[in-house]
Amino acid sequence: MGANLEITEKLQSYIKDFSFELNPIQQEIIDYNKTLGEIKRMQIDPTQCNFLHLIIKIANIKSVLEIGTFTGLSALSISLALPNDGKLIALDKNEETNKVAVNFFKKANQDHKIKTIIKPAIDSLEELKNEKFDMVFIDADKMNYKRYYENSLHLTRKGGLIIIDNVLWHGEVVDKKNNDKFTLNIREFNKFVLDDHRVEQIIFPLGDGMTVCRVL
């Protein structure tokens, strides 16, 4: 039986070299985030950028809701993959990082596809309750993951996708000795999604782990 490889830095560099290149503005965001210190961990991994790009293309996705935007790497990755008439609504409560993200969107000539809303996501989701999206990407505060997920189910069309980041939580989900509130919350959330018959789902070991759900 085959086994998953341990992805070393050397192997990660090889994967990057043999995958399609990121847009220069995507790379600019990554370089910018490196200057932010520990908070840079909030960005998605470049392999996840490529994954989002391909899944949007393959599934012919045209409308996306993003919950949690940070400095815009995931949103830009999504927007670049969308057709010219595609739309992305990006939710985030941080006005400072949102300004940074919007500047990157403009620089990449993608701002015509992206609408940002700056307020707590729970409030925005209530306001969007009559909308329908082809895909929802969740990457915000972990303690509200279940609420975001439930809202996303009502906002995603049948056959659409809900993708959730950080579901492996730095590998802590399998450490039985680690019972801090964030780890417990992610474990409980993963079990909830597993038992949810409204979707079919799989976890991909990209970045910090991504669950991809197809709404039934």
Side-chain angles (χ1 to χ4, degrees), residues 3-16 19 22 26-27 29-56 64-78 80-81 88 90-94 97 100-101 104 121 135-149 152 161-194 196 199 201-214:
N4 289 326
L5 289 169
E6 178 185 352
I7 306 299
T8 61
E9 284 189 22
K10 190 173 181 180
L11 195 53
Q12 194 167 32
S13 179
Y14 182 89
I15 291 168
K16 179 183 175 183
S19 299
L22 295 177
Q26 286 176 294
Q27 188 59 53
I29 297 174
I30 292 168
D31 293 339
Y32 171 81
N33 288 344
K34 287 176 182 176
T35 71
L36 300 179
E38 187 62 25
I39 198 173
K40 70 181 180 183
R41 72 186 187 282
M42 292 175 67
Q43 80 159 43
I44 63 171
D45 186 81
T47 58
Q48 294 174 299
C49 295
N50 290 343
F51 177 79
L52 288 171
H53 182 99
L54 282 175
I55 207 163
I56 288 168
V64 181
L65 174 66
E66 177 182 72
I67 305 172
T69 299
F70 188 40
T71 56
L73 182 60
S74 55
L76 183 57
S77 301
I78 290 166
L80 287 165
L88 165 63
L91 311 181
D92 204 288
K93 64 181 180 181
N94 191 315
T97 55
V100 173
F104 282 125
M135 187 181 99
V136 178
F137 179 56
I138 302 173
D139 187 15
D141 54 307
K142 313 311 167 194
M143 299 305 291
N144 276 314
Y145 260 24
K146 188 175 177 182
R147 292 180 73 186
Y148 296 149
Y149 173 79
S152 297
L161 302 175
I162 300 173
I163 301 179
I164 309 107
D165 195 22
N166 302 113
V167 296
L168 297 181
W169 199 237
H170 321 297
E172 301 295 343
V173 286
V174 294
D175 182 358
K176 294 180 180 178
K177 295 179 182 178
N178 190 326
N179 291 302
D180 70 83
K181 66 178 183 179
F182 295 104
T183 304
L184 285 173
N185 188 70
I186 293 292
R187 279 195 199 120
E188 290 169 5
F189 173 75
N190 288 342
K191 181 65 167 60
F192 178 80
V193 176
L194 174 67
D196 188 358
V199 300
Q201 84 296 326
I202 186 170
I203 293 178
F204 288 92
L206 295 171
D208 196 28
M210 301 176 87
T211 296
V212 177
C213 304
R214 178 177 173 271

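From a predicted model like this one, the values you see are computed outputs, not experimental measurements. Heads up: numbering here begins at 1 and tracks the sequence. Side chains are part of it too, since the values below use all heavy atoms of this structure and drop only hydrogens, waters and symmetry mates.
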Check: Asn166/Arg41 side-chain N/O donor and acceptor closer than 3.5 Å:
no

What heavy-atom pair brings Asp165 and Gly209 nearest, and what distance separates the two atoms?
OD1-O, 3.3 Å

In Å, rounded to the nearest 0.5 Å, how long is the span from CD of Gln43 to SG of Cys49?
7.0 Å

Please tell me whether Ser77 and Gln26 have a donor and an acceptor in their side chains that are separated by less than 3.5 angstrom.
yes

Sorted by chain and residue number, the ring-ring contact (aromatic ring centres under 6.0 Å, His included) partners of Phe189 (sequence neighbours excluded) come out as Tyr145, Tyr149

If the test is side-chain contact (heavy atoms from CB on, under 4.5 Å), which one of Ile138, Val193, Val173, Thr211 qualifies with Val167?
Thr211

Residue pair Met143 / Lys181: nearest heavy atoms and the distance that separates them
SD-O, 4.0 Å

Run the side-chain contact (heavy atoms from CB on, under 4.5 Å) check on Leu36 and Tyr32 step by step: do they pass?
CA-CA 7 Å; Leu36 300 179; Tyr32 171 81; 3.8 Å; yes

Show your reasoning for whether side-chain contact (heavy atoms from CB on, under 4.5 Å) applies to Met135 and Leu52.
CA-CA 10 Å; Met135 187 181 99; Leu52 288 171; 4.2 Å; yes

Spacing of Asp208 atom CG and Glu172 atom CD [to the nearest 0.5 Å]:
9.5 Å

side-chain contact (heavy atoms from CB on, under 4.5 Å) for Ile164 and Met210? Distances and angles first, verdict last.
CA-CA 5 Å; Ile164 309 107; Met210 301 176 87; over 6 Å; no

Report the distance from atom CZ of Phe70 to atom CD1 of Ile44, rounding to the nearest 0.5 Å.
11.5 Å

Just how far is it from atom CG of Leu73 to atom CZ of Phe104, taken to the nearest 0.5 Å?
9.5 Å

Any salt bridge linking Asp139 with Lys142? Criterion: basic side-chain nitrogen under 4.0 Å from a carboxylate oxygen.
yes

Take atom CZ in Phe192; do more than 12 heavy atoms of anything else shown fall under 6.0 Å from it?
yes

Keeping Asp180 on the side-chain end and Thr183 on the backbone end, is there a donor-acceptor pair under 3.5 Å?
yes

For a quick test of reading the model, state the closest non-hydrogen atom pair linking Glu66 to Ala75 and the distance between them.
OE2-N, 3.2 Å

Distance from Leu76 atom CG to Ile29 atom CD1, nearest 0.5 Å?
5.0 Å

Determine, stepwise, if the pair Arg187 / Asn179 fulfils side-chain hydrogen bond (donor to acceptor under 3.5 Å, both in side chains).
CA-CA 10 Å; Arg187 279 195 199 120; Asn179 291 302; 3.2 Å; yes

What are the two closest heavy atoms between Gly68 and Ser74, and how far apart are they?
O-OG, 4.4 Å

Separation of Phe137 CZ from Ile67 CD1 (nearest 0.5 Å)
10.5 Å

Test side-chain contact (heavy atoms from CB on, under 4.5 Å) on Leu22 and Ile30 and set out the steps.
CA-CA 10 Å; Leu22 295 177; Ile30 292 168; 3.6 Å; yes

